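Okay, structure first, notes after.
Below, chains carry the letters A, B, ... as their sequence lines are ordered, and counting in each starts from 1. Predicted model only: the values in this text are computed from it and were never measured. The analysis underlying the following values was restricted to heavy atoms, covering all of them including side chains, and did not include hydrogens, waters or symmetry mates.
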2 protein chains.
Amino acid sequence: MGTTSKALTLLDYFTRTRPQIGLSELARLSGANKATCYRLMTELVEHGLAEQVAATKEYRIGPAVLRLAALREATVPTREAALPLLQALAVATGETAHMSHLVAGNLVTLAFAYPATHGMRVMMEDADRLPFHATSSGHAILGWLPGDTVDRILQVPFDTAPDLVPLMPAEVRNRIAVARAIGWAATANTFEADVSSFAVPLFDAQGQVQGALAVAAAGPRLTDATRAAIPRQLIASAREIMALWGGLVPAELSALWRKTETQTEKVQG
Amino acid sequence: MGTTSKALTLLDYFTRTRPQIGLSELARLSGANKATCYRLMTELVEHGLAEQVAATKEYRIGPAVLRLAALREATVPTREAALPLLQALAVATGETAHMSHLVAGNLVTLAFAYPATHGMRVMMEDADRLPFHATSSGHAILGWLPGDTVDRILQVPFDTAPDLVPLMPAEVRNRIAVARAIGWAATANTFEADVSSFAVPLFDAQGQVQGALAVAAAGPRLTDATRAAIPRQLIASAREIMALWGGLVPAELSALWRKTETQTEKVQG
DNA sequence: ACCATCGGTTCATATAATAAACCAACGGGA
DNA sequence: TCCCGTTGGTTTATTATATGAACCGATGGT
C-alpha cells in the first residue's frame, strides 16, 4: 500500500461518534506504528486536512476540507442540486428522505430532509457510513454493481444492532436480487427498530451506480397505501435528480420503473 | 518533502477557474514526474478525494470531501455557526459580508452573505484563495501573526489585477501595522476596482488568529457615515461569532475595539 | 502519412518510510 | 512520596517504497 493511502486511511477513523482521536489511540485503531502515525498526521495537519486541538493534543478533521467541499460542489453540484428534490420527496411521502453515495467502497449519507408534517420522524445524520447489508439503499445499489465488487463489499464483517434480528448473508443476497428484479428495495427493522426503508439506485452520466435515494418511514404509521405509494414517489424523484445530474438510467431499470409506476398496488415484505 | 504532502499538494491545483485537470497538465503544473503524478492521483482517487471524469480522463475533486466537510462541521461548526451572523451583518451594513479562514498558510473564503436590499453588490465565491497583500482581511490577520510567519507569507509572489495600482511591499507592511494599531483594516481598489473593504481578525479559544470577518462595499455608494459605521458593525459581529466559537479576543485588541465602538467618527483611507 | 500529445506502464535506482527503543511529562493510586 | 502506566514526541539503522527516463498504444490535427 502506498504511503499516501496510509495517511488517507487515518482520516477514516474519524467519525461522528469519535470526532477527535489522540496519537496513541489512532495508532492503536489503525494498527500503524506510533511514529508512522505521528509523521502522517503531521503531514495531514500541514495541509489542513487534520488539525490538532491545542488543549488535548488530539487530532480532528481540519478546515481544508471545507474549501475542498465547496470546490467539489462548485464543480459537481450533487448535493445542492438534490437537496430541494429531497425536501419535496420528504414532504410528499411525509417521511424522512435521504441520499447516500458510493465513495471509496463505502455508502455515505450526503444529504437528507425531514417532512414538516409529523412530530415523529426517522432521524438521520450525514457523513456517516451506512452498512450495505442492512439498508434498503445498500440493497438497491448492490443489485447494479458487478459481482466481484458485491462480493468484496459483502465480505466485510458487519454487525446488527443488538435489538434487531441480523440478516443472514443468503438473505441479503436474495434481497439484492429482488431489488434488482423489481427496480427498488425495501427493508423493515434491519437497521433500526420500527423503521421501514425504501430505496432506488442513482446513476451517473456513464450509467454507473453512484448512490441511492431512500425514504425511511416510521413503522407504526405505515399503511398499505403508503407502502405502495412510496416506491412510485421515489422513482419520480430519482428521475428528476438524474435529469439534473445528467444521469443515465439503464434501459433495463427504466422498464422496471415504468412497470412500478403504472401499477396501482405493490407491496413487498 | 513527504510523499503524502506531494499528493495533497496536487489537490491545490484544482481551483474554481481550473476545476478539472488532465494528467499531463497536472504534471506540468506541479513539476512532478508524470508517473509520480499518476500514482499519487490514483491513490487519491481510491480514497475518493479525487475522481476521474470518464469521458475526458481529467481529474477533479472527489466526493469524499463532502463526507469530511460534513464531519468537520459536526465537530467544529465554524461555518454553520457564523452564517446567520454573517447574513445579519450583510443586512445591517447593506453590503456583502464574508468570512475567510487561515488554512495551511492560505486565506480561504469559507462563507459569505449578500444583503437583500441593493441590486448592486460585491460578488463573492467561496473556496477561493484570497491574496493577503491586497485584501483588508489579509491585513487584519497579518497584524496578529508572528513576524516570521508574516515574512513567509508576504514573500510569496503576488499579482494585482491589471486595472489596479499594485500595493508596494512597504505599503503593505504599513497597512498591516495600521490595522494592528486600530484593530481593523480597510482597503479600497486594491483587490477589485470600486470596492472598499473592511475587516477584523477572528481568534480561536487559544487566542490564535483563525481568520477574518469582512465587509466588501461597492465604492460609489459609500458615504462617510457608512465608512464610520461599518467597522463598528464588524466588531459587534466578530464579538458575537467568537462568543459562539468560544474564541478569545486578545485583551489588547479588545481595548482597541472598545475605542472604536465608543467613537462617533472614524475614517480611514 | 506524419507528428505531437494524450493517459498509462515499466524497471533499475535512489530516496523516503518504517518500527523498536527511548524520552520527558503527566496523572492517578497506594 | 513513590510508583506505574500512559501520554505525545524523537531517534536510528533497516528496509520498503517512491521515483523518473524511456517506452507504449491511442487519438487528433495538419
Atom CD of E25(B) and atom P of dG7(C): how far apart are they, to the nearest Å? 9 Å

So, the side chain of T75(A) versus the backbone of L71(A): is there a donor-acceptor pair under 3.5 Å, distance only? yes

Just compare dC23(D), dA20(C), dA17(C) and give me whichever is closest to any side-chain atom of T3(B). dA17(C)

Rounded to the nearest Å, what distance is computed from the NZ atom of residue K57(A) to the C1' atom of nucleotide dA25(C)? 11 Å

P169(A) and L154(A), any side-chain heavy atoms less than 4.5 Å apart: no

Please check if the side chain of R79(B) supplies one atom and the backbone of L110(B) the other of a donor-acceptor pair under 3.5 Å. yes

For the side chain of Y59(A), starting at C-beta, report the closest nucleotide among dG8(C), dG9(D), dT9(C). dG9(D)

Please tell me which of T56(A) and M1(A) maps to the more 5' nucleotide of DNA chain D, matching each residue to the nucleotide holding its nearest heavy atom. T56(A)

Would you say R28(A) places a side-chain N or O within less than 4.0 Å of OP1 or OP2 belonging to dG8(D)? no

Counting only side-chain N and O atoms of K34(B), is one of them less than 4.0 Å from OP1 or OP2 of dG8(C)? no

Can E80(B) and R72(B) be counted as an ion pair, charged N to O under 4.0 angstrom? no

At 4.0 Å (heavy atoms only), tell me whether Q52(A) reaches a base, stays on the sugar-phosphate, or touches nothing. sugar-phosphate

Are any of S24(A)'s side-chain N or O atoms less than 4.0 Å away from OP1 or OP2 of dT6(D)? no

I'd like to know if E252(B) and R180(B) make a salt bridge, using a cut-off of under 4.0 Å between side-chain N and carboxylate O. yes

Side-chain contact check for K6(A): nearest option of dT18(C), dG7(C), dG9(D) is dT18(C)

Distance check, rounded to the nearest 0.5 Å: L29(B) atom CG versus F14(B) atom CZ? 9.0 Å

Does any donor atom in the side chain of R39(A) or T4(B) lie under 3.5 Å from an acceptor atom in the other side chain? no

Roughly, in whole Å, what's the span from CG in N33(A) to C1' in dG9(D)? 12 Å

Quickly work out the I21(A) CD1 to dT7(D) C1' distance and round it to whole Å. 16 Å

Using five base pairs at each end to define the local axes, how bent is the helix from dA1(C)-dT30(D) to dA30(C)-dT1(D), to the nearest 10°? 40°

Respond yes when some side-chain nitrogen or oxygen of T36(B) is under 4.0 Å from OP1 or OP2 of dA18(D), and no when none is. no

R18(A) and E58(A) ion-paired at < 4.0 Å: no

From the list dT19(D), dT10(C), dG8(C), which nucleotide is the closest neighbour of the side chain of A35(B)? dT10(C)

Whole angstrom is fine here: how far is it from CG in L23(B) over to P in dA26(D)? 18 Å

Expressed as a whole number of angstroms, how long is the span from E58(B):CD to dC6(C):C1'? 11 Å

For L26(B) and dG8(C), give me the distance from atom CG to atom P, rounded to whole Å. 12 Å

Taking the nucleotide of DNA chain D with the nearest heavy atom to each, does Y38(A) or G2(A) sit closer to the 5' end? Y38(A)

Within this structure, what is the CD-to-P distance between E43(A) and dA17(C), rounded to whole angstrom? 6 Å

Considering only side-chain heavy atoms of R39(B), which listed nucleotide, dT19(D), dT7(D), dA20(C), is closest? dT19(D)

